[in-house]
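This report refers to the structure that appears directly beneath it.
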Amino acid sequence: MLLVGWEAVFFWMLTLVALFAAVFTVSARNPVHCALFLISTLIAKGALFLLLRAEFVAGAQILVYVGGILVLFLFVLMLVNTRSEVENPFNRQDKVGAFIAALVGLAILGAVTYTQQRGGFFKTKPSADRMAIENAKPDPNAPAGVISADTETLGVTLYTRAVLPFEIASVLLLMAIVGSVLLARDRRQEETYD
Amino acid sequence: MMMTQGPWMLALSASPKWLESLVERLFAYLPAWLTSSLAPTEVADFIVWPLIQIGVMLVVVLTAVAYLTLAERKVSAWIQVRVGPNRTGPLGLLQPAADGIKLLIKEDVIPFKADKTVFTLAPIISMVCAFIVLAVLPYGPHYASITNINIGLLFILSVSSVGVLGIILGGWASNSKYPLLGALRSSAQMVSYEAAIGLTIVSALIFTRTFSMQGIVEAQRSLGIWFVLFLFPSFIVFLISVVAETNRAPFDLAEAESELVGGFHTEYSGFRFSIFFIAEYANMVVVSAIGATLYLGGWYVPGMDWVAARLPEAYREAALTLMGVTAFAIKCGAILYLFIWMRWTFPRYRYDQLMELGWKWLMPAALANIALTATIFIVGKELGLVRSAGGVLQMDWQGKLFFTLAGLLSMFPILALLNAINRNSKSFNLRAQRTTIPVSTRKVKLSPGVKAA
Amino acid sequence: MYLVALVPFFPLLGFIVNGLFAKRLGFSEKVIGAIACAMVAASFVCSAAAVYEFSRHARDNKVQAAAKQREAELQARILGQGVAYDAKTDTKREAPEHKSDDHKEGAHEVVATPYVVTLFEWMPGGTLRLTLGASAGQTAEFSVKWAYQLDQLSGLYILFVTFVAFFIHLFAIGYMHGDPSFHRFFAYLNLFMFMMLNLVLGANFLMTFVGWEGVGLASYLLIGYYLKKPEAGTAAKKAFVMNRVGDFGLMLAMMATFAVFGTLDYADVMAMAKALPQEPFGLAALSFTTGTLTVIALLIFLGAAGKSAQIPLYTWLPDAMAGPTPVSALIHAATMVTAGVYLVARCNPLFQRAPTAMLTVAVIGIATAFVAATIGITQTDIKKALAYSTVSQLGYMFVGCGVGAFVAGVFHVVTHAFFKAQLFLGSGSVIHGGSPSGHQQEMTYYGNFRKYMPITFATMMLSLFAICGIIPFAGFFSKDEILAKTLHTPVFSHEVGLALYALGFLTAGVTAFYMTRLMCLTFFGKERFLEGPDFQEGHSEDHGDGHHAPASKDFHPHESPLVMTLPLMVLGAFAVVAGFAGVSEELTGGAFPNYVHHWLAPVMDATLYPEKPVAGVNWTEWLLAGASVVWALVMMGLAYFLYVIRPELPEKLAQTLRPLYTLSYRKWFWDEFIDVYLVGAFKKLSLGAWGVDFVVDSIVNLFAWLARASSVIFRTVQTGLMQNYALVMALGIFLFIAGMGYPLFKELFMPTDRPSPPPTPQTSRAAQP
Amino acid sequence: MMTFLALAASWAARQASEPSLMERYVQGLKEVDASKFLVLSAIIFSLGMGGVLIRRNIIVIFMSVELMLSAANLNFIAFARYWQTQGGLYAYNGHVMTIFVIVVAAAEAALGLGLLLALYRNRETIAADEINLLKW
């Protein structure tokens with residue numbers, strides 16, 4: 001469960017990248033640069049997901065988040081001629097926001113470290129067979145490409161344990177589509193269809 | 001630093017023995033602090049051998065891309081009954097080199113007040129995304145793919161969607177109206193067709209049952225049949241949307257000279273333009289490779305195992321690899337030829353027709369395809385024509401026949417659905433167009449059945 | 001006899017039909033008039049039938065025995081010996097078989113046998129404890145039934161009321177001809193009849209009170225009938241308010257009677273009252289403990305005074321003349337004003353047991369008579385003069401009741417109803433025909449009408465003789481009987497009787513004087529109707545159809561049509577004949593029976609003051625009667641002399657007797673007295689109310705200000721900046737995490753007690769079939 | 001006062017037995033457990049929140065929101081990963097939750113940007129503080 005060795009190395013590299021990009025996402029002057037840094041954070045996070053053996057989610061994250069949402073962001077950025085802000089947003093006079101955000105971060109960190117101090121997050125030690133699965137080596141003659149069952153398990157979970165949320169999510173997306181179609185109608189369409 | 005055996009190990013195929021002994025010998029010469037923490041085998045497996053594979057793949061693909069440009073000009077010439085470039089080098093073979101050098105020499109112009117960083121970054125992004133996909137493509141059995149990650153197909157999809165960013169940023173960074181509009185149009189086109197490709201792949205997944213590319217080829221190998229037979233309608237949709245995805249042929253409205261001059265890369269010149277250019281062609285190659293793997297069995301040819309079994313044990317492995325690679329190359333070539341052929345035969349689509357094709361024709365077709373193949377699969381399963389043992393399908397000949405016929409027959413309901421959806425859509429429906437043209441301007445006498453608008 | 005229940009409802013039906021449908025369905029004047037008169041005629045016929053049947057019913061021995069039995073039982077209860085008497089269960093019990101004929105009086109024994117018809121139980125109340133009088137402490141069931149009682153007194157009343165009303169309705173058709181809201185007038189008249197019959201036929205105090213208020217309402221509506229005349233409105237309001245003041249007394253009386261007798265039904269109350277002893281005379285009787293009956297009687301008299309316009313509350317009647325003449329005739333002469341006398345007559349056992357109350361009634365009666373008579377002398381408005389004569393005649397009736405001669409009082413009511421109604425209708429036709437506009441009421445512009453209105457003149461002369469009390473006419477018998485009874489009253493000492501007689505005698509003379517003055521000014525003397533305002537320039541009619549053009553000079557008064565003169569003739573005839581119904585046996589020595597006296601005997605309680613049997617013709621009575629007739633004739637001659645032969649003399653007399661004249665002309669300054677003292681006091685009282693109002697308003701305003709002030713503070717939070725809101729949210733999150741978050745976190749990640757779920761491996765591989 | 005002293009004493013004793021700070025630091029570097037992930041996501045979350053609170057441009061605010069959402073995703077997956085080994089809550093809940101977060105983020109972005117465009121058409125500006133019509 002612990003990321004050790006190369007994984008730890010990868011972890012620290014990716015965290016650095018993620019943090020670095022996150023800071024710049026927030027503080028970049030030009031919104032397009034913000035978008036780019038956001039993309040890099042998200043890709044770094046995708047990689048972190050891979051480290052945490054959540055392959056499908058990593059793929060989905062990049063496909064949907066970066067490929068879909070941020071493309072949309074860039075679209076809108078292009079349509080809306082935003083001028084890059086004159087001064088560094090962080091030295092704006094109302095620093096209260098930053099202060100409070102920092103406070104929230106500190107609070108979370110405090111909570112995390114405190115629990116860490118008091119003996120880590122997970123009291124119960126992993127059960128024996130759990131460890132077995134963890135370290136099990138897939139049998140060599142298994143067909144290639146069947147290394148980890150992450151995607152299959154997730155698929156099964158989605159359709160067995162999380163069916164209701166799945167349906168609700170589909171309805172949500174439908175609403176989003178209808179909503180955006182309505183929002184995007186121009187005046188002429190408005191008259192003709194209403 | 002002991003490296004525990006992680007599941008990642010198997011993603012990278014183990015390096016051959018000679019390489020491991022070579023590395024150990026090398027270790028002797030290296031300084032102690034460097035080699036102390038690394039085991040020679042791991043180094044060999046994880047660093048040296050992949051680098052070699054990547055080098056080989058890059059060389060091969062780059063030359064293929066280069067010669068693809070030449071092939072395109074040659075084929076287009078043949079289509080137009082002319083010869084094509086044959087002056088530079090024997091039979092014009094050095095033409096790509098010439099183009100490459102020309103582009104390198106050309107002055108690299110950056111437009112005034114363009115966002116320099118993003119301007120330089122854009123081509124790099126699109127190029128990188130095009131080439132990353134190669135890591136996953138299996139061009140041969142076992143060793144013949146740089147890596148074999150479990151979510152191969154998903155990885156390809158996500159990377160190609162990131163590729164779109166390159167174009168958007170390219171268009172935006174050049175700080176002028178036409179590239180911006182061109183970028184908008186082409187990225188919109190790519191995003192919508194990417195969705196279509198995703199859906200077609202989903203219908204393919206029903207039979208492959210895994211994302212990893214090697215797994216897909218293995219599935220076709222175990223069944224001994226190419227999936228194109230089972231999934232013919234989805235293959236057609238895949239081809240069309242792939243062509244649109246790479247902004248080529250009938251769908252290259254964004255860069256078309258008559259429309260927006262150069263599309264998103266009008267402001268680019270010199271080396272950056274060549275990178276965009278290479279990225280486009282690399283994309284083409286990659287996409288055709290995916291198509292080959294997914295539908296045409298990748299490096300697998302039905303008779304291959306039978307032939308390998310005939311050969312002596314020592315050469316079996318090498319023979320298989322050789323046959324696999326050639327088969328894969330031929331398939332990719334065929335699809336590429338299709339691309340080029342399509343470019344010079346079909347007229348260019350108007351932009352709204354193009355989007356309408358994507359959203360009102362291909363997308364519903366893909367969705368219908370998924371539904372149909374799923375039902376066919378379940379029916380087949382119920383009838384006991386297909387068994388899934390250990391995650392991989394097994395069929396006997398009745399199963400294959402049933403699925404092929406079902407695949408072909410499923411074409412008709414899809415066509416019926418498409419017709420229903422687009423019954424009165426103006427752009428495609430000639431009957432509708434004929435009637436809506438105002439009477440005054442219409443010279444053509446209406447056929448008896450049709451009513452004037 | 002059950003027809004009696006129908007009697008009041010005919011006029012009600014008339015009211016509804018005329019009131020609701022007349023205008024909507026567009027009835028013509030003839031139809032409306034016909035309906036109204038038909039209804040009154042129908043109720044007259046029913047009441048006649050009912051009274052006839054009742055007269056035979058009253059003589060039936062069995063009924064008399066039952067009534068006597070009930071009376072004995074009630075009297076036992078009131079004196080506290082009998083078992084607790086439950087009025088609710090009191091149903092008409094059949095007479096016990098044996099006839100307890102123990103009284104030694106003549107075969108025909110005088111017993112009150114009221115016939116009560118109960119329509120429904122109106123107010124079912126619970127059992128209440130009686131607190132006053134002899135039966136204090138007993139509990140009684142309060143239950144008021146919508147019931148009608150027919151006995152001799154109410155029978156007489158409904159007969160003459162419906163009879164007179166019928167003729168007045170007839171007269172009104174002619175008088176009100178051409179009036180825009182014709183239907184409204186007749187609807188109100190019928191409403192009045194319904195209320196009056198309810199009042200008279202009421203079986204208990206509350207029923208009478210309903211009629212009492214209804215009549216007040218009807219009079220208000222009718223007085224204020226001419227909507228456009230402002231003084232009509234004020235007069236209506238004045239009448240209504242004054243009646244209410246009187247009603248106030250009546251209400252208290254009702255409550256007191258229930259507190260004493262435990263029931264409101266007349267039959268029971270009067271029966272029980274007979275058993276009570278007479279209360280002491282003088283001021284001692286004015287407390288609830290010793291003189292309960294006196295207090296009740298006085299309160300009843302206050303109600304009666306209000307309604308019948310006695311001294312303290314009479315000023316509304318002259319102003320009520322602002323209404324149309326038939327109204328004055330019907331309500332303010334014949335029926336409503338006599339309600340007071342009816343009530344006093346109905347409660348005669350109470351009054352007889354309260355000598356102080358009897359004295360007050362008599363004194364106030366005689367005072368009212370005298371004051372009204374003196375005011376009547378100087379009045380120039382014909383209707384006001386008649387109004388004051390009504391007030392004085394009412395005074396006479398109350399004197400009759402006051403001295404114990406209830407029968408004489410009631411008989412005078414009946415006769416007075418006839419000739420006063422006739423006089424009013426006569427004045428109506430005089431007004432109607434006397435001037436071009438048809439609304440001239442000032443006698444100064446009349447004169448020598450007898451040439452132009454012979455029938456009106458003739459019939460009014462009959463009533464003149466009747467009211468003056470000339471020998472053969474009705475007035476003589478009723479008024480002289482009252483004067484005779486005042487002289488020989490058993491209730492008071494001889495001196496009091498003599499004093500009352502003297503005043504009565506004097507007032508009779510004054511009455512004769514001003515009535516003849518009225519007749520002379522109108523029918524005799526110089527013709528003055530051409531100098532009337534109608535003929536002057538720019539005279540603008542004050543009500544309704546004002547026309548400014550002066551009438552042409554060749555106008556001369558004209559006689560009223562038959563529909564108006566017919567009632568005059570009938571009433572005139574009755575003014576002559578009615579007297580013989582109640583000829584006092586003193587005069588005739590028993591040869592000619594006094595029908596009214598015998599008819600009303602059962603209702604009047606004779607226990608305290610028994611009748612003296614008549615020996616023979618009482619010559620002193622004849623002497624007194626002759627004296628009064630001569631005195632009346634002298635005063636008539638004086639009036640004739642003053643106003644016809646020497647018309648300038650009254651002016652000179654008025655100058656010489658200036659103080660007396662102004663006193664009489666200014667109506668004894670009574671209105672001014674009320675305005676200054678009563679109204680002034682009331683205004684001062686209302687000033688105090690302003691303070692309370694101020695306090696309440698300030699409290700309400702306080703709350704309003706509070707809301708506004710606090711909103712100013714909370715408004716500042718709404719900065720409109722999205723990010724401020726986000727900031728607050730962030731702050732919230734921080735507080736949540738810092739404050740609340742930790743225990744939650746601890747619970748989540750350091751679960752102490754919860755058992756961990758079974759560690760089944762969750763991989764698809766395992767789940768694969 | 002006494003309890004405070006006792007606490008300090010016990011804390012000191014525990015410290016003595018623990019390995020030195022430096023060793024623990026290195027150890028921490030090597031072994032990456034859930035808490036590291038949580039720290040990372042906390043930092044990114046607070047950065048996102050800072051962005052939301054400070055930046056004027058609404059699109060950048062949207063991006064910061066996306067940032068916060070992705071931080072949350074990271075947490076989900078981290079716990080899913082470390083619970084997977086603990087046999088605690090069903091491992092794949094984290095993954096499912098992340099997918100739904102992505103779905104919601106997509107829907108939100110689509111509508112948000114649609115609204116933004118409409119806003120831009122009307123107001124010609126997308127600076128957060130210039131859109132304050134609701135100001136009292």
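Below, chain A is the first sequence line, B the second, and so on; all start at residue 1.
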Could you measure the distance from the CD1 atom of I108(A) to the CE atom of M49(D)? Nearest 0.5 Å is fine. 7.0 Å
Name the region of F166(A), side chain, backbone, both or neither, that has any atom closer than 4.5 Å to a heavy atom of chain D. both
Starting at CG of L72(A), measure out to CZ of F62(D) and round the result to the nearest 0.5 Å. 10.0 Å
Segment of L111(D) engaging chain A (4.5 angstrom heavy-atom cut-off): both
Interface check, chain D: of P165(A), G68(A), A169(A), A102(A), most non-hydrogen pairs under 4.5 Å belong to P165(A)
Is there a side-chain contact between N73(D) and Q61(A) in this structure, where contact means two heavy atoms from C-beta onward sitting under 4.5 Å apart? yes
Report the distance from atom CH2 of W12(A) to atom CG of L40(D), rounding to the nearest 0.5 Å. 9.0 Å
Check whether any side-chain heavy atom of I77(D) sits under 4.5 Å from a side-chain heavy atom of K45(A), and report yes or no. no
I99(D) versus chain A, heavy atoms under 4.5 Å apart: side chain, backbone, both or neither? side chain
side-chain contact (heavy atoms from CB on, under 4.5 Å) between L158(A) and F100(D), intermediate numbers included: CA-CA 10 Å; L158(A) 259 182; F100(D) 288 146; 4.0 Å; yes
When every non-hydrogen atom of G51(D) is compared with those of V26(A), the smallest separation belongs to CA-CG1, 3.4 Å
Considering only heavy atoms and a distance below 4.5 Å, find which of G112(D), S46(D), S64(D) pairs most often with chain A. S46(D)
In terms of heavy-atom pairs under 4.5 Å with chain D, which of A60(A), S180(A), C34(A) leads? C34(A)
Closest approach of R55(D) to R29(A) (non-hydrogen atoms, all atoms of both residues): NH2-O, 3.5 Å
Applying a strict 4.5 Å limit to non-hydrogen atoms, the region of V104(D) in contact with chain A is both
Can you tell which part of E66(D) gets under 4.5 Å to a heavy atom of chain A, answering side chain, backbone, both or neither? both
NE2/H95(D) to CZ/F56(A) distance, rounded to the nearest 0.5 angstrom? 11.5 Å
Identify which of L74(D), L117(D), V52(D), L116(D) forms the greatest number of heavy-atom pairs closer than 4.5 Å to chain A. L74(D)
Return the minimal non-hydrogen interatomic distance between Y65(A) and A105(D), and the atom names on each side. OH-CB, 3.5 Å
Indicate the atoms forming the closest heavy-atom contact of A107(D) with A176(A), along with that distance. CB-CB, 3.6 Å
The interface call for T98(D) against chain A, heavy-atom contacts under 4.5 Å, is side chain
Heavy-atom closest pair (P31(A) atom, N57(D) atom, distance to 0.1 Å) is CG-ND2, 3.4 Å
Which one of L70(A), L109(A), I168(A) has the most heavy-atom pairs closer than 4.5 Å to chain D? L109(A)
Among I69(A), L172(A), L48(A), which has the most heavy-atom pairs under 4.5 Å with chain D? I69(A)
With a 4.5 angstrom heavy-atom cut-off, which part of T41(A) approaches chain D: side chain, backbone, both or neither? side chain
Calculate, to the nearest 0.5 Å, the distance between atoms CG and CZ belonging to L52(A) and F37(D) respectively. 3.5 Å
With a 4.5 angstrom heavy-atom cut-off, is it the side chain or the backbone of I61(D) that approaches chain A, or both, or neither? neither
First locate atom CG of L183(A), then atom CG of L113(D), and finally report the distance between them rounded to the nearest 0.5 Å. 10.5 Å
Exercise: identify the closest heavy-atom pair between M63(D) and L38(A): CB-CD2, 3.7 Å
Contacting region of A35(A) [heavy-atom separation from chain D under 4.5 Å]: both
